[in-house]
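Only a predicted model underlies this, so the values are computations on that prediction, with no experimental measurement involved. Throughout, a chain's letter reflects where its sequence line sits, starting with A, and its residues are numbered from 1.
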Amino acid sequence: MSSVSLLLAKLITEAGYPTPISPVTTGDTPYTSAVKFEDLNLSPELLKGLYIQMNFEKPSKIQSISLQMILTPPFKNLIAQAHNGSGKTTCFVLGMLSRVDPKLIAPQALCICPTRELAIQNMEVLLKMGKYTGITSELALPTDNKKDYISVSKRAPVIAQVIIGTPGTINKWIKAKKLGTSQMKILVFDEADHMLAESGFREDSVRAMKEIVKECPNCQVLLFSATFNDKVKDFISNNIKVIFKEEYNELFVKKEELSLESLKQFKVKVPDELSKIIVIKDKIMEIAEKVGQTIIFVRTRRSAEILHEALVKYGYEVTTIQGSLTLEHRDKIVKEFKDGLTQVLISTDLLTRGFDQSKVNLVVNYDLPVNHECDTKPDNEVYLHRIGRAGRFGRKGAVFNLLCGDTDEMIMKKIEHHFNHYVTEVPSWKSDEDFEDALKKAGLM
DNA sequence: AAAAAAT
(Lines give C-alpha, C1' and ligand atoms only; values in the text may rest on other atoms or scores of the structure.)
Protein backbone atom coordinates (compact mmCIF):
# COMPACT_ATOMS: atom_id res chain seq x y z
CA MET A 1 0.00 0.00 0.00
CA SER A 2 1.35 3.40 -0.88
CA SER A 3 1.78 6.15 1.69
CA VAL A 4 -1.19 7.93 0.13
CA SER A 5 -3.44 4.97 0.83
CA LEU A 6 -2.19 4.77 4.37
CA LEU A 7 -3.01 8.43 4.78
CA LEU A 8 -6.45 7.81 3.35
CA ALA A 9 -7.02 4.83 5.62
CA LYS A 10 -6.12 7.03 8.57
CA LEU A 11 -8.46 9.80 7.47
CA ILE A 12 -11.27 7.35 7.02
CA THR A 13 -10.83 6.07 10.54
CA GLU A 14 -10.83 9.59 11.88
CA ALA A 15 -14.08 10.29 10.07
CA GLY A 16 -15.59 7.73 12.41
CA TYR A 17 -15.87 4.79 10.08
CA PRO A 18 -14.04 1.67 11.22
CA THR A 19 -14.53 0.32 7.76
CA PRO A 20 -13.19 -2.82 6.12
CA ILE A 21 -13.08 -1.01 2.78
CA SER A 22 -9.49 -0.87 1.66
CA PRO A 23 -8.62 1.85 -0.83
CA VAL A 24 -5.75 1.45 -3.23
CA THR A 25 -4.75 4.50 -5.18
CA THR A 26 -2.27 4.88 -7.98
CA GLY A 27 -0.42 8.09 -8.65
CA ASP A 28 -0.02 10.89 -6.17
CA THR A 29 -3.42 12.54 -6.03
CA PRO A 30 -4.19 13.02 -2.34
CA TYR A 31 -7.73 12.24 -1.25
CA THR A 32 -9.46 13.06 1.99
CA SER A 33 -12.76 11.49 2.91
CA ALA A 34 -15.80 13.73 2.84
CA VAL A 35 -17.55 14.18 6.16
CA LYS A 36 -20.28 16.40 4.75
CA PHE A 37 -21.69 16.73 1.24
CA GLU A 38 -20.46 20.33 1.38
CA ASP A 39 -16.90 18.98 1.31
CA LEU A 40 -17.44 17.82 -2.27
CA ASN A 41 -17.73 21.08 -4.23
CA LEU A 42 -21.17 20.07 -5.47
CA SER A 43 -23.34 22.65 -7.18
CA PRO A 44 -25.99 24.32 -4.97
CA GLU A 45 -28.65 22.70 -7.16
CA LEU A 46 -27.26 19.24 -6.46
CA LEU A 47 -26.96 19.88 -2.73
CA LYS A 48 -30.56 21.02 -2.72
CA GLY A 49 -31.54 17.77 -4.44
CA LEU A 50 -29.65 15.73 -1.86
CA TYR A 51 -31.20 17.44 1.13
CA ILE A 52 -34.70 18.25 -0.06
CA GLN A 53 -35.50 15.48 -2.52
CA MET A 54 -33.43 12.64 -1.07
CA ASN A 55 -33.55 13.69 2.60
CA PHE A 56 -29.88 12.82 2.98
CA GLU A 57 -27.92 14.20 5.89
CA LYS A 58 -24.36 13.13 5.35
CA PRO A 59 -22.41 10.77 3.11
CA SER A 60 -22.38 7.06 3.91
CA LYS A 61 -19.06 5.23 4.23
CA ILE A 62 -18.69 4.37 0.58
CA GLN A 63 -19.93 7.80 -0.44
CA SER A 64 -17.47 9.67 1.74
CA ILE A 65 -14.57 7.69 0.34
CA SER A 66 -15.50 7.19 -3.30
CA LEU A 67 -17.01 10.58 -4.06
CA GLN A 68 -13.72 12.35 -3.47
CA MET A 69 -12.07 9.88 -5.83
CA ILE A 70 -14.75 10.39 -8.46
CA LEU A 71 -14.94 14.17 -8.24
CA THR A 72 -11.33 15.22 -7.70
CA PRO A 73 -9.42 16.07 -10.86
CA PRO A 74 -7.73 14.47 -12.67
CA PHE A 75 -10.83 12.30 -12.97
CA LYS A 76 -9.52 8.78 -12.59
CA ASN A 77 -11.24 5.52 -13.29
CA LEU A 78 -12.53 3.72 -10.25
CA ILE A 79 -13.25 0.10 -9.35
CA ALA A 80 -15.38 0.26 -6.22
CA GLN A 81 -16.88 -2.45 -4.08
CA ALA A 82 -19.22 -1.73 -1.20
CA HIS A 83 -21.82 -3.57 0.85
CA ASN A 84 -25.37 -4.02 -0.34
CA GLY A 85 -27.64 -1.16 0.61
CA SER A 86 -24.77 1.16 1.45
CA GLY A 87 -25.49 3.79 -1.17
CA LYS A 88 -23.51 2.96 -4.29
CA THR A 89 -26.19 4.39 -6.57
CA THR A 90 -25.81 7.81 -4.98
CA CYS A 91 -22.07 7.66 -5.67
CA PHE A 92 -22.34 7.21 -9.39
CA VAL A 93 -25.47 9.30 -9.87
CA LEU A 94 -23.77 12.21 -8.11
CA GLY A 95 -20.71 11.50 -10.20
CA MET A 96 -22.69 11.69 -13.43
CA LEU A 97 -24.64 14.80 -12.44
CA SER A 98 -21.47 16.58 -11.34
CA ARG A 99 -19.47 15.81 -14.42
CA VAL A 100 -22.13 16.89 -16.95
CA ASP A 101 -21.79 20.38 -18.38
CA PRO A 102 -25.40 21.66 -18.25
CA LYS A 103 -24.78 24.03 -21.15
CA LEU A 104 -23.57 21.34 -23.52
CA ILE A 105 -26.51 19.68 -25.28
CA ALA A 106 -25.06 16.22 -25.94
CA PRO A 107 -24.76 12.84 -24.21
CA GLN A 108 -22.04 13.20 -21.58
CA ALA A 109 -22.75 10.47 -19.04
CA LEU A 110 -23.73 6.86 -19.62
CA CYS A 111 -24.75 4.20 -17.11
CA ILE A 112 -25.03 0.57 -18.18
CA CYS A 113 -27.10 -1.83 -16.05
CA PRO A 114 -27.92 -5.55 -16.23
CA THR A 115 -31.71 -5.26 -16.20
CA ARG A 116 -34.44 -2.89 -17.33
CA GLU A 117 -35.74 -2.77 -13.79
CA LEU A 118 -32.43 -1.56 -12.41
CA ALA A 119 -32.00 1.02 -15.17
CA ILE A 120 -35.47 2.40 -14.44
CA GLN A 121 -34.73 2.50 -10.71
CA ASN A 122 -31.42 4.30 -11.27
CA MET A 123 -33.18 6.80 -13.52
CA GLU A 124 -35.70 7.50 -10.76
CA VAL A 125 -32.82 8.31 -8.40
CA LEU A 126 -31.15 10.50 -11.01
CA LEU A 127 -34.34 12.46 -11.69
CA LYS A 128 -34.94 13.00 -8.00
CA MET A 129 -31.40 13.93 -7.08
CA GLY A 130 -30.92 16.08 -10.16
CA LYS A 131 -34.31 17.74 -9.98
CA TYR A 132 -32.95 21.29 -9.60
CA THR A 133 -30.04 20.92 -12.02
CA GLY A 134 -31.97 21.06 -15.27
CA ILE A 135 -29.81 18.21 -16.59
CA THR A 136 -31.63 16.09 -19.15
CA SER A 137 -31.75 12.31 -19.26
CA GLU A 138 -33.10 9.38 -21.24
CA LEU A 139 -33.50 5.65 -20.77
CA ALA A 140 -31.99 3.36 -23.39
CA LEU A 141 -34.16 0.26 -23.02
CA PRO A 142 -35.85 -2.26 -25.27
CA THR A 143 -39.49 -1.51 -26.01
CA ASP A 144 -42.31 -3.96 -26.47
CA ASN A 145 -41.75 -4.61 -30.13
CA LYS A 146 -45.34 -5.52 -30.86
CA LYS A 147 -46.98 -2.13 -30.66
CA ASP A 148 -45.54 1.24 -31.65
CA TYR A 149 -42.12 -0.17 -32.35
CA ILE A 150 -39.81 2.44 -33.82
CA SER A 151 -36.79 1.04 -35.58
CA VAL A 152 -33.46 2.50 -34.49
CA SER A 153 -32.82 4.09 -37.85
CA LYS A 154 -36.02 6.10 -37.61
CA ARG A 155 -35.53 7.49 -34.14
CA ALA A 156 -34.03 10.92 -33.48
CA PRO A 157 -30.45 11.15 -32.23
CA VAL A 158 -30.12 11.26 -28.46
CA ILE A 159 -29.63 14.78 -27.13
CA ALA A 160 -30.15 13.98 -23.44
CA GLN A 161 -27.09 14.59 -21.27
CA VAL A 162 -27.34 11.45 -19.15
CA ILE A 163 -28.27 8.04 -20.59
CA ILE A 164 -29.11 5.01 -18.49
CA GLY A 165 -29.88 1.66 -20.05
CA THR A 166 -29.14 -1.99 -20.80
CA PRO A 167 -26.22 -3.18 -22.95
CA GLY A 168 -28.08 -4.37 -26.05
CA THR A 169 -30.00 -1.18 -26.64
CA ILE A 170 -27.05 1.06 -25.82
CA ASN A 171 -24.77 -0.74 -28.27
CA LYS A 172 -27.49 -0.72 -30.88
CA TRP A 173 -27.91 3.03 -30.54
CA ILE A 174 -24.17 3.62 -30.63
CA LYS A 175 -23.79 1.43 -33.71
CA ALA A 176 -26.63 3.23 -35.47
CA LYS A 177 -24.93 6.56 -34.65
CA LYS A 178 -27.98 7.62 -32.67
CA LEU A 179 -26.06 7.81 -29.41
CA GLY A 180 -23.01 10.00 -29.89
CA THR A 181 -20.02 9.15 -27.74
CA SER A 182 -17.75 12.06 -28.65
CA GLN A 183 -18.63 14.20 -25.61
CA MET A 184 -18.74 11.38 -23.07
CA LYS A 185 -17.22 12.38 -19.73
CA ILE A 186 -18.24 9.52 -17.49
CA LEU A 187 -19.18 5.89 -18.12
CA VAL A 188 -20.66 3.83 -15.30
CA PHE A 189 -21.13 0.08 -15.05
CA ASP A 190 -23.62 -0.75 -12.32
CA GLU A 191 -23.26 -4.34 -11.05
CA ALA A 192 -19.95 -4.22 -12.88
CA ASP A 193 -18.80 -7.72 -11.91
CA HIS A 194 -21.87 -9.19 -13.57
CA MET A 195 -21.48 -6.91 -16.56
CA LEU A 196 -17.94 -8.25 -17.01
CA ALA A 197 -18.49 -11.89 -16.02
CA GLU A 198 -17.91 -14.58 -18.59
CA SER A 199 -21.48 -15.79 -18.47
CA GLY A 200 -22.82 -12.29 -18.18
CA PHE A 201 -22.66 -9.34 -20.47
CA ARG A 202 -18.94 -9.35 -21.06
CA GLU A 203 -18.80 -8.85 -24.85
CA ASP A 204 -21.42 -6.10 -24.87
CA SER A 205 -19.80 -4.27 -21.97
CA VAL A 206 -16.27 -4.44 -23.29
CA ARG A 207 -17.42 -3.34 -26.74
CA ALA A 208 -19.17 -0.25 -25.36
CA MET A 209 -16.25 0.57 -23.07
CA LYS A 210 -13.65 0.27 -25.85
CA GLU A 211 -15.75 2.30 -28.27
CA ILE A 212 -16.26 5.15 -25.82
CA VAL A 213 -12.71 5.23 -24.48
CA LYS A 214 -11.38 5.22 -28.05
CA GLU A 215 -13.56 8.21 -28.91
CA CYS A 216 -12.97 9.98 -25.58
CA PRO A 217 -9.67 8.96 -24.00
CA ASN A 218 -10.39 11.15 -20.98
CA CYS A 219 -13.76 9.57 -20.25
CA GLN A 220 -13.84 8.43 -16.64
CA VAL A 221 -14.96 4.82 -16.14
CA LEU A 222 -16.57 3.68 -12.90
CA LEU A 223 -17.12 0.02 -12.00
CA PHE A 224 -19.47 -0.47 -9.06
CA SER A 225 -20.68 -3.66 -7.36
CA ALA A 226 -21.10 -5.35 -3.99
CA THR A 227 -19.23 -8.38 -5.31
CA PHE A 228 -16.10 -8.97 -7.36
CA ASN A 229 -15.09 -12.64 -7.28
CA ASP A 230 -11.54 -13.74 -8.09
CA LYS A 231 -12.39 -14.70 -11.67
CA VAL A 232 -13.81 -11.27 -12.43
CA LYS A 233 -10.94 -9.55 -10.61
CA ASP A 234 -8.52 -11.50 -12.82
CA PHE A 235 -10.42 -10.49 -15.92
CA ILE A 236 -10.35 -6.86 -14.84
CA SER A 237 -6.62 -7.05 -14.09
CA ASN A 238 -5.80 -8.68 -17.40
CA ASN A 239 -8.21 -6.96 -19.76
CA ILE A 240 -9.81 -3.86 -18.29
CA LYS A 241 -6.86 -2.22 -16.62
CA VAL A 242 -5.19 -2.28 -20.03
CA ILE A 243 -8.04 -0.20 -21.39
CA PHE A 244 -7.75 2.09 -18.35
CA LYS A 245 -4.08 2.52 -19.23
CA GLU A 246 -2.60 4.79 -16.63
CA GLU A 247 -4.14 5.57 -13.32
CA TYR A 248 -7.15 4.21 -11.55
CA ASN A 249 -8.36 3.84 -7.98
CA GLU A 250 -9.68 0.73 -6.29
CA LEU A 251 -11.85 0.07 -3.26
CA PHE A 252 -12.39 -3.51 -2.14
CA VAL A 253 -14.03 -5.35 0.75
CA LYS A 254 -12.89 -8.79 1.95
CA LYS A 255 -15.47 -11.46 1.15
CA GLU A 256 -15.58 -12.52 4.79
CA GLU A 257 -16.71 -9.01 5.68
CA LEU A 258 -19.50 -8.68 3.15
CA SER A 259 -22.35 -10.19 5.18
CA LEU A 260 -24.54 -7.49 6.60
CA GLU A 261 -24.58 -7.27 10.42
CA SER A 262 -28.21 -6.20 10.50
CA LEU A 263 -29.37 -9.29 8.60
CA LYS A 264 -30.10 -12.51 10.45
CA GLN A 265 -29.81 -15.59 8.26
CA PHE A 266 -31.57 -18.92 8.86
CA LYS A 267 -31.75 -22.33 7.29
CA VAL A 268 -34.81 -24.54 7.33
CA LYS A 269 -34.44 -28.23 6.54
CA VAL A 270 -37.45 -29.77 4.82
CA PRO A 271 -38.00 -33.42 3.81
CA ASP A 272 -39.08 -32.90 0.19
CA GLU A 273 -39.97 -30.36 -2.48
CA LEU A 274 -43.66 -30.37 -1.61
CA SER A 275 -42.94 -29.32 1.96
CA LYS A 276 -41.18 -26.22 0.63
CA ILE A 277 -44.55 -25.04 -0.64
CA ILE A 278 -46.07 -25.90 2.74
CA VAL A 279 -43.45 -23.83 4.56
CA ILE A 280 -44.12 -20.87 2.27
CA LYS A 281 -47.87 -21.23 2.74
CA ASP A 282 -48.07 -21.95 6.47
CA LYS A 283 -45.07 -20.04 7.77
CA ILE A 284 -43.72 -17.45 5.39
CA MET A 285 -47.08 -16.09 4.22
CA GLU A 286 -48.22 -15.74 7.82
CA ILE A 287 -44.97 -14.08 8.90
CA ALA A 288 -44.94 -11.81 5.86
CA GLU A 289 -48.18 -10.21 6.99
CA LYS A 290 -46.48 -9.01 10.15
CA VAL A 291 -42.95 -8.04 9.23
CA GLY A 292 -43.18 -6.00 6.06
CA GLN A 293 -42.51 -6.88 2.47
CA THR A 294 -41.02 -10.18 1.37
CA ILE A 295 -39.21 -11.46 -1.71
CA ILE A 296 -39.10 -15.19 -2.46
CA PHE A 297 -36.31 -16.16 -4.85
CA VAL A 298 -36.63 -19.21 -7.08
CA ARG A 299 -34.23 -20.73 -9.58
CA THR A 300 -36.33 -20.98 -12.71
CA ARG A 301 -39.21 -19.20 -14.38
CA ARG A 302 -41.14 -22.44 -14.26
CA SER A 303 -40.78 -22.91 -10.51
CA ALA A 304 -41.84 -19.29 -10.07
CA GLU A 305 -45.02 -20.16 -11.93
CA ILE A 306 -45.64 -23.35 -9.98
CA LEU A 307 -45.18 -21.68 -6.60
CA HIS A 308 -47.32 -18.75 -7.68
CA GLU A 309 -50.16 -20.97 -8.81
CA ALA A 310 -50.03 -23.09 -5.67
CA LEU A 311 -50.21 -20.05 -3.38
CA VAL A 312 -53.03 -18.47 -5.35
CA LYS A 313 -54.91 -21.77 -5.18
CA TYR A 314 -54.56 -21.69 -1.39
CA GLY A 315 -56.06 -18.20 -1.43
CA TYR A 316 -52.94 -16.10 -0.82
CA GLU A 317 -52.13 -12.88 -2.57
CA VAL A 318 -48.76 -12.95 -4.28
CA THR A 319 -47.29 -11.52 -7.42
CA THR A 320 -44.47 -12.89 -9.52
CA ILE A 321 -41.85 -11.35 -11.75
CA GLN A 322 -39.64 -13.14 -14.27
CA GLY A 323 -38.15 -12.44 -17.65
CA SER A 324 -40.71 -14.14 -19.85
CA LEU A 325 -43.49 -11.78 -18.79
CA THR A 326 -44.27 -8.83 -21.05
CA LEU A 327 -42.35 -5.67 -20.27
CA GLU A 328 -45.59 -3.93 -19.45
CA HIS A 329 -46.47 -6.66 -16.96
CA ARG A 330 -43.00 -6.54 -15.39
CA ASP A 331 -43.30 -2.78 -14.90
CA LYS A 332 -46.72 -3.18 -13.32
CA ILE A 333 -45.55 -5.84 -10.86
CA VAL A 334 -42.54 -3.76 -9.77
CA LYS A 335 -44.60 -0.60 -9.43
CA GLU A 336 -47.25 -2.33 -7.30
CA PHE A 337 -44.56 -3.75 -5.04
CA LYS A 338 -42.71 -0.46 -4.71
CA ASP A 339 -45.98 1.31 -3.96
CA GLY A 340 -46.61 -1.18 -1.18
CA LEU A 341 -49.75 -2.53 -2.83
CA THR A 342 -48.36 -6.07 -2.71
CA GLN A 343 -46.60 -7.70 0.21
CA VAL A 344 -45.03 -10.85 -1.19
CA LEU A 345 -43.17 -11.04 -4.46
CA ILE A 346 -41.85 -14.20 -6.09
CA SER A 347 -38.87 -13.54 -8.33
CA THR A 348 -36.24 -15.25 -10.42
CA ASP A 349 -32.76 -13.76 -10.33
CA LEU A 350 -34.19 -10.85 -12.32
CA LEU A 351 -34.42 -8.80 -9.12
CA THR A 352 -31.37 -10.31 -7.43
CA ARG A 353 -29.16 -7.33 -8.03
CA GLY A 354 -29.70 -3.74 -7.04
CA PHE A 355 -33.44 -3.80 -6.46
CA ASP A 356 -34.02 -1.26 -3.72
CA GLN A 357 -37.18 -1.32 -1.67
CA SER A 358 -36.58 -0.27 1.91
CA LYS A 359 -39.66 -2.05 3.24
CA VAL A 360 -38.33 -5.50 2.31
CA ASN A 361 -37.49 -7.13 5.65
CA LEU A 362 -37.63 -10.74 4.62
CA VAL A 363 -35.91 -12.68 1.85
CA VAL A 364 -36.57 -16.35 1.21
CA ASN A 365 -34.34 -18.57 -0.86
CA TYR A 366 -36.92 -21.08 -2.04
CA ASP A 367 -34.09 -22.54 -4.12
CA LEU A 368 -30.48 -21.94 -3.16
CA PRO A 369 -28.45 -20.08 -5.78
CA VAL A 370 -26.23 -22.58 -7.57
CA ASN A 371 -23.41 -22.28 -10.05
CA HIS A 372 -24.79 -22.56 -13.59
CA GLU A 373 -22.04 -24.89 -14.70
CA CYS A 374 -22.13 -27.16 -11.70
CA ASP A 375 -25.31 -27.32 -9.66
CA THR A 376 -23.65 -28.81 -6.60
CA LYS A 377 -21.62 -25.62 -6.15
CA PRO A 378 -23.12 -22.45 -4.70
CA ASP A 379 -23.24 -19.13 -6.50
CA ASN A 380 -21.91 -17.06 -3.62
CA GLU A 381 -22.31 -13.76 -5.38
CA VAL A 382 -25.95 -14.36 -6.22
CA TYR A 383 -26.53 -15.42 -2.61
CA LEU A 384 -25.09 -12.19 -1.29
CA HIS A 385 -27.02 -10.03 -3.75
CA ARG A 386 -30.30 -11.82 -3.02
CA ILE A 387 -30.09 -11.46 0.74
CA GLY A 388 -29.01 -7.86 0.26
CA ARG A 389 -32.55 -7.04 -0.92
CA ALA A 390 -33.45 -7.00 2.78
CA GLY A 391 -31.82 -4.84 5.40
CA ARG A 392 -31.24 -1.81 3.17
CA PHE A 393 -29.20 0.93 4.82
CA GLY A 394 -28.66 -0.96 8.05
CA ARG A 395 -32.30 -1.86 8.63
CA LYS A 396 -33.13 -5.16 10.32
CA GLY A 397 -33.92 -8.12 8.13
CA ALA A 398 -34.25 -11.90 8.07
CA VAL A 399 -33.36 -14.52 5.49
CA PHE A 400 -34.79 -18.04 5.33
CA ASN A 401 -32.99 -20.61 3.21
CA LEU A 402 -35.09 -23.69 2.43
CA LEU A 403 -32.89 -26.79 2.26
CA CYS A 404 -34.12 -30.03 0.78
CA GLY A 405 -31.67 -32.92 0.81
CA ASP A 406 -27.95 -33.45 1.33
CA THR A 407 -26.86 -31.42 -1.69
CA ASP A 408 -28.68 -28.33 -0.43
CA GLU A 409 -27.14 -28.78 3.01
CA MET A 410 -23.69 -29.06 1.49
CA ILE A 411 -24.21 -25.97 -0.67
CA MET A 412 -25.40 -24.04 2.37
CA LYS A 413 -22.28 -25.09 4.28
CA LYS A 414 -20.10 -23.87 1.45
CA ILE A 415 -21.86 -20.51 1.44
CA GLU A 416 -21.42 -20.21 5.21
CA HIS A 417 -17.76 -21.05 4.84
CA HIS A 418 -17.23 -18.64 1.96
CA PHE A 419 -18.54 -15.66 3.89
CA ASN A 420 -17.27 -16.98 7.23
CA HIS A 421 -20.74 -16.44 8.58
CA TYR A 422 -22.76 -19.03 10.48
CA VAL A 423 -26.39 -19.45 9.43
CA THR A 424 -28.71 -20.41 12.28
CA GLU A 425 -30.86 -23.50 11.88
CA VAL A 426 -34.59 -23.31 12.51
CA PRO A 427 -35.10 -26.51 14.57
CA SER A 428 -38.36 -27.65 12.98
CA TRP A 429 -39.97 -26.62 9.73
CA LYS A 430 -43.34 -27.47 11.22
CA SER A 431 -43.11 -25.29 14.31
CA ASP A 432 -44.74 -21.85 14.33
CA GLU A 433 -42.84 -21.04 17.52
CA ASP A 434 -39.50 -21.76 15.86
CA PHE A 435 -40.24 -19.28 13.11
CA GLU A 436 -41.45 -16.68 15.59
CA ASP A 437 -38.28 -17.24 17.57
CA ALA A 438 -36.24 -16.62 14.45
CA LEU A 439 -38.02 -13.34 13.80
CA LYS A 440 -37.37 -12.28 17.39
CA LYS A 441 -33.68 -13.06 16.93
CA ALA A 442 -33.72 -10.97 13.77
CA GLY A 443 -35.29 -8.10 15.70
CA LEU A 444 -38.38 -8.11 13.53
CA MET A 445 -40.86 -8.95 16.30
C1' DA B 1 -30.58 -20.99 -15.34
C1' DA B 2 -31.53 -16.19 -15.83
C1' DA B 3 -30.41 -11.99 -17.04
C1' DA B 4 -30.39 -8.39 -22.40
C1' DA B 5 -31.73 -8.52 -27.10
C1' DA B 6 -32.53 -9.65 -31.68
C1' DT B 7 -34.10 -12.95 -34.68
### Task
Scan residues 342-353 of chain A against DNA chain B and write down, sorted by residue number, each residue with any heavy atom closer than 4.0 Å; if none is found, say none.
A:Thr348, A:Leu350

### Message
I want to verify a distance call: between B:dA5, B:dA2, B:dA4, whose nearest atom is closest to the A:Ser199 side chain?
### Response
B:dA2

### Query
Taking the six-membered ring for Trp, are the ring centroids of A:Phe224 and A:Phe189 within less than 6.0 Å of each other?
no

### Query
Can you check side chain to side chain contact (heavy atoms under 4.5 Å, CB included) on A:Asp356 and A:Gln121, steps first, answer last?
CA-CA 8 Å; A:Asp356 184 37; A:Gln121 180 179 289; 3.4 Å; yes

### Task
Side chain of A:Thr300 only, please: which of B:dA6, B:dA4, B:dA1 is the nearest?
B:dA1

### A:Leu258 CG to A:His385 NE2 distance, which is reported to the nearest 0.5 Å
9.0 Å

### Query
Just how far is it from atom CG of A:Asp432 to atom CD1 of A:Ile287, taken to the nearest 0.5 Å?
8.5 Å

#### Entry: Nearest-0.5 Å distance that lies between atom CD1 in A:Ile212 and atom CG in A:Leu179
7.0 Å

### Query
Expressed in angstrom and rounded to an integer, what is the separation of A:Arg207 atom CZ from B:dA5 atom C1'?
11 Å

### Query
How about A:Asn84 and A:Arg389: does a side-chain donor come under 3.5 Å of a side-chain acceptor?
yes

### Summary
Ranking B:dA3, B:dA1, B:dA6 by distance to the side chain of A:Lys172, first place goes to B:dA6

### Summary
Rounded to whole Å, the CZ-P distance (A:Arg202 to B:dA3) equals 21 Å

